[in-house]
Amino acid sequence: MAPRVRFAPSPTGRLHVGNVRTALFAYLAARAAGGTFVLRIEDTDRRRYDPDALADIYDNLTWLGLRWDEGPGAGGPHAPYIQSERVAGHRAVAERLVASGHAYRCYCDAARLERVRATHNGYDRRCRNLTPEQRSRHEEGGAAPVIRFRVPLEGSTRYDDLLLGSIERRNSDINPDPVLLKSDGFPTYHLAAIADDHDMAISHVLRAQEWVSSAPLHLLIFAACGWQPPRYAHLPAVNGPDGKKLGKRHGATAVHEFRRRGILPEALVNYLALLGWSAGDDREFFSLAELERCFGIDRLGRAGAVFDHQKLEWFNGHYIRGLPPARLAVALRPYLRDAGIDVAEGAAETALAELLRERISVLDEAPARAAFLGPDRDLPAAELVPRRLTAAAAATILQQASPLLEHLPSGDGEHALEDRLRELARAQGVKFGDLMMTIRMATTGSKVSPPLFGSLRVLGEQRLHARLARALHTLQAAAEEA
RNA sequence: GUCUCCUUCGUCUAGCGGUUAGGACACCGGGUUUUCAUCCCGGCAACAGGGGUUCGACUCCCCUAGGAGAUGCCA
């Protein structure tokens with residue numbers, strides 16, 4: 001049967017690279033097997049609920065190309081896919097479990113629980129066996145009860161994890177009687193996820209490894225409900241450089257932050273896919289479409305992985321270089337504009353994109369590389385004379401090169417121009433590199449620039465010659481003083 | 001504390017009893033080159049430790065150590 005795999009984030013914070021990798025693997029597991037990818041929003045924590053986070057989830061999954069077959073916006077036979085809209089069902093399940101003796105009402109308040117936790121490992125099960133009299137006394141007191149699952153005291157629970165293999169745990173080691181239904185009437189994860197996975201006929205659950213320890217509990221709940229559980233695969237964590245679970249302390253980790261900096265979705269997908277999965281060979285580059293074809297749970301790793309920004313950026317550089325210049329130009333627009341760099345749309349910005357694409361690995365690096373397009377400014381002689389030359393020599397070079405730069409050729413014409421400049425260098429007895437550096441410093445105001453002829457074309461002949469004249473003036477003054 | 005999971009170069013990983021332990025990022029050299037970069041070539045660098053099993057262990061088993069996670073009316 002075709003698998004049904006879900007991704008079930010909770011809208012309590014921006015979508016995180018760790019979460020999104022789980023989403024990717026779940027998506028791929030579904031696609032690779034011709035199954036269905038389901039998105040479900042787990043918003044049962046009303047205190048931490050954040051509508052911005054919800055929008056962020058939809059927005060970024062879409063941006064990455066992880067389209068869900070069923071879920072909010074897409075609909076589906078098991079709607080609604082927003083958990084808070086399913087609480088009536090969750091409550092009914094909880095009541096059923098109470099009726100069948102698999103769960104019970106607990107009247108302990110927060111203060112007591114905190115005290116108990118200090119000395120016990122979790123809840124002390126005080127309300128597990130209340131007499132009807134005790135119970136009605138509590139009910140009359142008006143305390144809103146929670147419903148707790150009655151974890152068996154004896155025996156053990158075992159299951160086969162798709163990734164970890166056989167996992168077995170003594171029932172006495174399971175979290176003692178966790179809450180299923182909170183006093184506000186909302187289910188906890190333990191109830192909601194199980195009930196919804198069942199209702200939505202989920203066949204495979206790929207989730208973070210932090211859930212391994214509660215997996216046996218979940219199996220117990222499935223059994224108590226008389227339901228068939230899905231297969232589980234617990235994915236290893238994504239860690240920061242310190243080896244700890246990736247979090248706020250580790251710099252940018254939210255998907256939207258990468259996106260804002262100019263990480264391409266194909267790069268993030270490619271990088272994340274290789275963080276914990278491999279095709280079994282030496283391939284490094286995978287498109288989403290390829291991954292959909294060759295992904296397999298059996299090739300997932302079991303150990304945690306450190307998120308490496310440098311490698312992500314290397315992938316990103318690769319994908320930037322693979323972009324057609326016209327498309328890169330469009331992608332670059334907002335970054336350049338925000339930095340106050342104006343380039344006419346069309347040929348000029350495409351030419352600029354061509355210059356930048358081998359020089360940036362993240363889009364937001366573009367302004368620094370295109371800084372030569374900033375306002376004209378007066379440069380001191382020190383910034384106009386290459387190391388091996390004098391001000392007088394630099395002045396002569398500019399003077400003689402200016403006419404050659406009158407009309408900037410493109411294509412093959414560049415070679416002719418270069419030949420003439422080489423000739424000039426020879427005549428002046430300077431190295432061609434030094435001659436070029438002299439022009440570079442005068443026209444770009446920097447010792448570092450993209451290839452000069454292309455840069456000058458983007459700059460425009462008018463500004464080019466204004467800068468040449470200005471620099472020449474400065475150099476001549478400096479030469480006289482010397 | 002208790003329970004669970006994990007352990008190959010600095011990082012991501014390949015390896016599924018016999019390999020000079022392979023690749024990628026990063027780093028360091030070199031080449032191409034008008035600077036920078038791209039690109040190409042080369043180099044550095046790993047099986048956590050100890051016991052078994054076996055003719056033979058990175059590969060299988062056990063122990064130790066280390067790391068991570070869980071232990072919430074958060075997910």
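Just so it is clear: chains get the letters A, B, ... in the order the sequence lines come, proteins before strands, and each one is counted from 1.
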Student: With a sphere of 6.0 Å drawn around CD of A/Glu154, does it hold more than 12 non-hydrogen atoms of other residues, nucleotides or ligands?
Tutor: no
Student: Among B/A37, B/U38, B/A75, which nucleotide has an atom closest to any side-chain atom of A/Arg321?
Tutor: B/U38
Student: Counting Watson-Crick and G-U wobble pairs only, both distances under 3.5 Å, name the nucleotide matched with B/G43, or none.
Tutor: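 Partner of B/G43: B/C27.
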Student: Between residues 107-120 of chain A and RNA chain B, which residues have a heavy-atom gap below 4.0 Å?
Tutor: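 Nucleic-acid contacts, sorted: A/Cys108, A/Leu113, A/Arg117.
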Student: Report yes if a side-chain nitrogen or oxygen of A/Lys244 is closer than 4.0 Å to either non-bridging phosphate oxygen (OP1 or OP2) of B/A68; otherwise report no.
Tutor: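 Indeed, a polar side-chain atom of A/Lys244 lies that close.
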Student: Under 4.0 Å between a side-chain N/O of A/Arg299 and OP1 or OP2 of B/G15, yes or no?
Tutor: yes
Student: Under 4.0 Å between any heavy atoms, over every strand shown, what does A/Leu452 touch: base, sugar-phosphate, or nothing? Just pick one.
Tutor: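 Counting heavy atoms under 4.0 Å across all strands, the contact made by A/Leu452 includes a base.
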Student: Considering only nitrogen or oxygen atoms on both sides, find all protein atoms under 3.5 Å from nucleotides 4-9 of chain B and state each distance.
Tutor:
{"residue": "B/C5", "atom": "O2'", "partner": "A/Gln209", "partner atom": "NE2", "Å": "3.2"}

Student: Looking across every strand, which nucleic acid part, if any, lies under 4.0 Å from A/Gly317 by heavy atom: base, sugar-phosphate, or nothing?
Tutor: nothing
Student: Partner lookup for B/A37, please. Criteria are Watson-Crick or G-U wobble with both distances under 3.5 angstrom; report none if nothing qualifies.
Tutor: none
Student: Taking everything shown except A/Arg302 itself, do over 12 heavy atoms lie less than 6.0 Å from its CZ?
Tutor: no
Student: Please confirm whether A/Arg148 makes a cation-pi placement over A/Tyr123, using NZ or CZ under 6.0 Å from the six-membered ring centre and within 45° of the ring normal.
Tutor: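 Pair A/Arg148/A/Tyr123 counts as cation-pi.
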Student: Establish, with yes or no, whether the OP1 or OP2 oxygen of B/C74 is under 4.0 angstrom from a side-chain nitrogen or oxygen of A/Arg46.
Tutor: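 Negative; the distance criterion is not met.
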Student: Could you tell me the Watson-Crick or G-U partner of B/C16, where both distances fall under 3.5 Å? Say none if there is no partner.
Tutor: none
Student: Under 4.0 Å, counting only non-hydrogen atoms across every strand here, what does A/Pro178 touch: a base, just sugar-phosphate, or nothing?
Tutor: nothing
Student: Base, sugar-phosphate, or nothing for A/Pro187, non-hydrogen atoms under 4.0 angstrom?
Tutor: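 Sugar-phosphate, backbone atoms only, no base.
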Student: Under 4.0 Å between a Lys/Arg side-chain N and an Asp/Glu carboxylate O for A/Glu358 and A/Arg369?
Tutor: no
Student: Is A/Phe453 touching bases, backbone alone, or none of the nucleic acid, heavy atoms closer than 4.0 Å?
Tutor: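 Base, at least one base heavy atom under 4.0 Å.
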Student: Using only side-chain N and O atoms of A/Ser278, determine if any of them is under 4.0 Å from OP1 or OP2 of B/A14.
Tutor: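 It does, given that an N or O in the side chain of A/Ser278 lies less than 4.0 Å from OP1 or OP2 of B/A14.
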Student: How is A/Thr44 classified with respect to the nucleic acid when contacts are heavy atoms under 4.0 Å: base, sugar-phosphate, or nothing?
Tutor: sugar-phosphate
Student: Just to be sure I understand the rule, does A/Arg148 reach a base, reach only the sugar-phosphate, or reach nothing, if contact means heavy atoms closer than 4.0 Å?
Tutor: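 Sugar-phosphate: the residue A/Arg148, judged by heavy atoms under 4.0 Å, touches backbone atoms but no base.
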Student: Would you say the ring centers of A/His318 and A/Tyr271 fall short of 6.0 Å from each other?
Tutor: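 Centroid distance A/His318-A/Tyr271: not below 6.0 Å, so no.
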Student: Report which part of the nucleic acid A/Arg207 touches: base, sugar-phosphate, or nothing (heavy-atom distance under 4.0 Å, all strands).
Tutor: nothing
Student: Is there a Watson-Crick or G-U wobble partner for B/A65 with both distances under 3.5 Å, and which nucleotide is it?
Tutor: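 Partner of B/A65: B/U7.
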Student: Inspect the contact between A/Lys245 and A/Glu210 and indicate whether a charged nitrogen and a carboxylate oxygen are less than 4.0 angstrom apart.
Tutor: yes
Student: Quantified in whole Å, what is the C1' atom distance between nucleotide B/G10 and nucleotide B/U53?
Tutor: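 One C1' to the other, the span is 34 Å.
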Student: Between A/Lys245 and B/G67, does any side-chain N or O lie under 4.0 Å from OP1 or OP2?
Tutor: no
Student: Can a cation-pi geometry be assigned to A/Arg40 and A/Tyr81, taking NZ or CZ under 6.0 Å from the six-membered ring centre and within 45° of the ring axis?
Tutor: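 A/Arg40 over A/Tyr81 ring: no.
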Student: Identify the nucleotide, in any strand shown, that forms a Watson-Crick or G-U wobble pair with B/G1, with both distances under 3.5 Å; if there is none, say none.
Tutor: B/U71
Student: Going by side-chain contact (heavy atoms from CB on, under 4.5 Å), A/Leu363 matches just one of A/Leu356, A/Ile320, A/Leu336. Which one?
Tutor: A/Ile320
